[in-house]
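Below, chains carry the letters A, B, ... as their sequence lines are ordered, and counting in each starts from 1. We use all heavy atoms of the structure for the numbers below, so side chains are in, but hydrogens, waters and symmetry mates are not.
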Number of protein chains: 2
Amino acid sequence: MSIKEVAARAGVSVGTVSNVLNRPHAVSAANRERVQQAIDDLGFVRNESARQLRAGRSRFLAAVVLDVANPFFTDVARGAQEAADAAGLVLLLCSSHEDVERERRHLEVLGEQRVTGILLSPVDSSPERLTELLTNRSPVVLVDSQDPGRQTCSVAVDDVHGGRLAVRHLLDAGHRRIAFIGGPNRLQQVRDRLEGARAAVAELEEDAAALTVLETEGLTVEEGRRAGARIAQLPARSRPTAAFCANDLVALGVLQDATARGVRVPQDLALVGYDDIDFAAAAAVPLTSVRQPRHLLGRTAAELLLAEAGASTAHEHQQVVFQPDLVVRLSSRHRRPRR
Amino acid sequence: MSIKEVAARAGVSVGTVSNVLNRPHAVSAANRERVQQAIDDLGFVRNESARQLRAGRSRFLAAVVLDVANPFFTDVARGAQEAADAAGLVLLLCSSHEDVERERRHLEVLGEQRVTGILLSPVDSSPERLTELLTNRSPVVLVDSQDPGRQTCSVAVDDVHGGRLAVRHLLDAGHRRIAFIGGPNRLQQVRDRLEGARAAVAELEEDAAALTVLETEGLTVEEGRRAGARIAQLPARSRPTAAFCANDLVALGVLQDATARGVRVPQDLALVGYDDIDFAAAAAVPLTSVRQPRHLLGRTAAELLLAEAGASTAHEHQQVVFQPDLVVRLSSRHRRPRR
DNA sequence: AGCAAGGCATGAAACGTTTCACAAAGGAGT
DNA sequence: ACTCCTTTGTGAAACGTTTCATGCCTTGCT
């Protein structure tokens, strides 16, 4: 089942078989034919491990994302796969489920595999953790996260701006008690979106507005439901009339809880999500959301990775930032009368 | 950066370093300590390709699914990942996007990698295509699909039964003109669910019911929307009063189209989906759906794979079949008056 | 003291490729 | 007939592990 047996059967040397496989033009037609025949007869399949060992790196591109069940990341992955396909690489998708330990294990295995590059959406993007992550064998591109130290390429969307857009929209609609729902705080996306939300509130010239921050343990539908329950428990006087959720899954959870509880959306509670996943438009109340160029994000990240991996000379790290925009739907379409 | 340099620095032989890595107990404490120090100093990372070459197989488990953007498959993948984790393997997730060519390429690469096993949800499960797929280097377990020839293990849910449950429910509610929406027909899941639907209609003792089959090009929200438009174009006399969709994404698409068109669900059109994804409950009209044990499906498949890969003696292929059940929600909760 | 047994370390072989220096053979130009 | 290319094929080295036969040393037993 190895190249050697193919060579024996075709009556040529192993070097020639290898040439047929890798530079067919350098082999005479007759031999090429004969070798091909032997390969087919024997059902020979190239052993990639051996190739890799020789080449020093594998033909994989990897994406380590926070959660494959989140459509945001599957779209990013799809964009990356497109670029990988074009380069003849295969995309490996790994999900860390927002678990630092699992992420570490994934990166370790990928390092041992000498993958061509890693598209990483880090669970913890504190500077210390980042420098730790970047002591890696393979080039890394951060997705939806940035390294202040610029030791790596990154592709991100301006989450601060996204958060500002969302909350400014709610303020414009007359809301003055607004909840920010999302977490854990360790996620840079969450921190940035919150920062944007705070900025929007601070920019308000007229009367003051209050931002209640509800931290969740993750960005899932389930966590959203829990947060919904927490809002409902607040005293009516101080209860927020609008909520900006750190992603659409959380917003959908809040919406589910509201529906179950008889809280009307948007009249009693206006909602804005983040990511504009397909399901946002299909929700019970179509969801206002901040849209990011997900596909482009993945594609660009993969391309940067390929560029870095292919660079002969020293590579110049790039930080690409895209701008998000707001898609207004029913869930926030209700003007709040001024108090 | 190789084991050799570690050995040199620690003042031992390469064999000893390898032993520290693989059977630490067989090395004296002093040497173990010294080698570990050298590894840390040099930042040595094991080269997995070389290990694989020696071992003859890689430490990957792969899942090739129809579509990573479909929550059904991400849940299956999660179950599989659990089992893989437990066995110290890493799960590779590949998406064929229902494209035969892409599936072929993925399987080829995985074969070249000598992965430990492949969890496959085939794009085309015709017997010819299956036998072609199974001439593979690595053991394969079919997910959500079966091989009549029993040349492989498979883990499936009884889709015929699921289809029957769904349509019987609609018949019980008084519907007599029912649409089946799904495709392409090449997918076994679609064929089985349709077969179940037909069986339910055939079992009807009293008056006859009509089943209109609308084939789609894929199982996506987008295709669902298109199908919704096609239903709307049918003359009112023969227009179905209920639709059973081959999966939830399609049902959500139909629902979106209905909402946009002012068709009331469930009064004008009752809907039943399939898979009971999280978003089904969160939809504009909560969706009645056939629920499958997705997580268990993935887990079981991975375990079978590991068993087969670890089997020293000849392996006995197993066909595991789970039973689905119906989750009734608002989208079908309306009794149709008898004509 | 002699011997068996066990613990440890060693060095070389093997895994299946790719690559590269070299050689043989054929053709063209003089 | 000679040289000089070009085309095509060869065989061996190298990639970084793991494994295994071998042998040394220590220890405990008789």
Point to revise | Contact list for residues 8-28 of chain A, test salt bridge (Lys or Arg N to Asp or Glu O under 4.0 Å), sequence neighbours left out | key: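 Output for this query lists Arg9(A)-Asp41(A).
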**Study point:** Qualifying salt bridge (Lys or Arg N to Asp or Glu O under 4.0 Å) pairs, either residue in residues 143-153 of chain A, two or more places apart
**Key:**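 Qualifying pairs: Asp144(A)-Arg193(A).
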Check your understanding: What are the 5'-most and 3'-most nucleotides of DNA chain C lying under 4.0 Å from any heavy atom of chain B?
Key ->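 Terminal contacting nucleotides, 5' to 3': dC8(C) to dG16(C).
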Check your understanding: Considering residues at least two apart in sequence or located in another chain, which fulfil the side-chain contact (heavy atoms from CB on, under 4.5 Å) criterion with Val14(B)?
Key ->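 Once residues adjacent in sequence are excluded, the partners of Val14(B) under the side-chain contact (heavy atoms from CB on, under 4.5 Å) criterion are Ile3(B), Lys4(B), Ala7(B).
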Point to revise | Results of side-chain contact (heavy atoms from CB on, under 4.5 Å) for Ser13(A) - residues two or more places apart only | key: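 Scan of Ser13(A) (side-chain contact (heavy atoms from CB on, under 4.5 Å), adjacent residues dropped) gives Thr16(A).
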Less than 3.5 Å apart, which donor and acceptor atoms pair up between the side chains of residues 81-89 of chain B and the rest of the protein, not counting sequence neighbours?
from	atom 1	to	atom 2	distance (Å)
Glu82(B)	OE1	Arg299(B)	NH1	2.5
Glu82(B)	OE2	His295(B)	NE2	3.2
Asp85(B)	OD2	Arg102(A)	NH1	2.5

Residues two or more places apart in sequence or in another chain: which of them pass side chain to side chain donor-acceptor pair (under 3.5 Å) with [X]?
X         : value
Gln292(B) : Asp275(B)
Thr74(A)  : none
Asn70(B)  : none
Ser95(A)  : His97(A)

With a non-hydrogen cut-off below 4.0 angstrom, is [X] in contact with a base, only sugar-phosphate, or nothing?
X        : result
Arg32(B) : nothing
Arg23(A) : sugar-phosphate
Ser2(A)  : sugar-phosphate

Check your understanding: If we fit an axis to the first five pairs and another to the last five of the helix from dA1(C)-dT30(D) to dT30(C)-dA1(D), what angle do they make, to the nearest 10°?
Key ->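 Terminal axis comparison yields 40°.
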Review point. Are any of the side-chain nitrogens in Arg114(A) or Glu48(B) under 4.0 Å away from the carboxylate oxygens of its partner?
Key: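 Not counted as a salt bridge, because no side-chain N and carboxylate O are separated by less than 4.0 Å.
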Could I get a table of every N or O pair under 3.5 Å where one atom is in the protein and the other is in nucleotides 6-10 of chain D?
from	atom 1	to	atom 2	distance (Å)
dG9(D)	OP1	Ser28(A)	OG	2.7
dG9(D)	OP1	Asn31(A)	ND2	2.4
dG9(D)	OP2	Ser28(A)	N	3.0
dT10(D)	OP2	Ser13(A)	N	3.0
dT10(D)	OP2	Ser13(A)	OG	3.1
dT10(D)	OP2	Thr16(A)	OG1	2.8

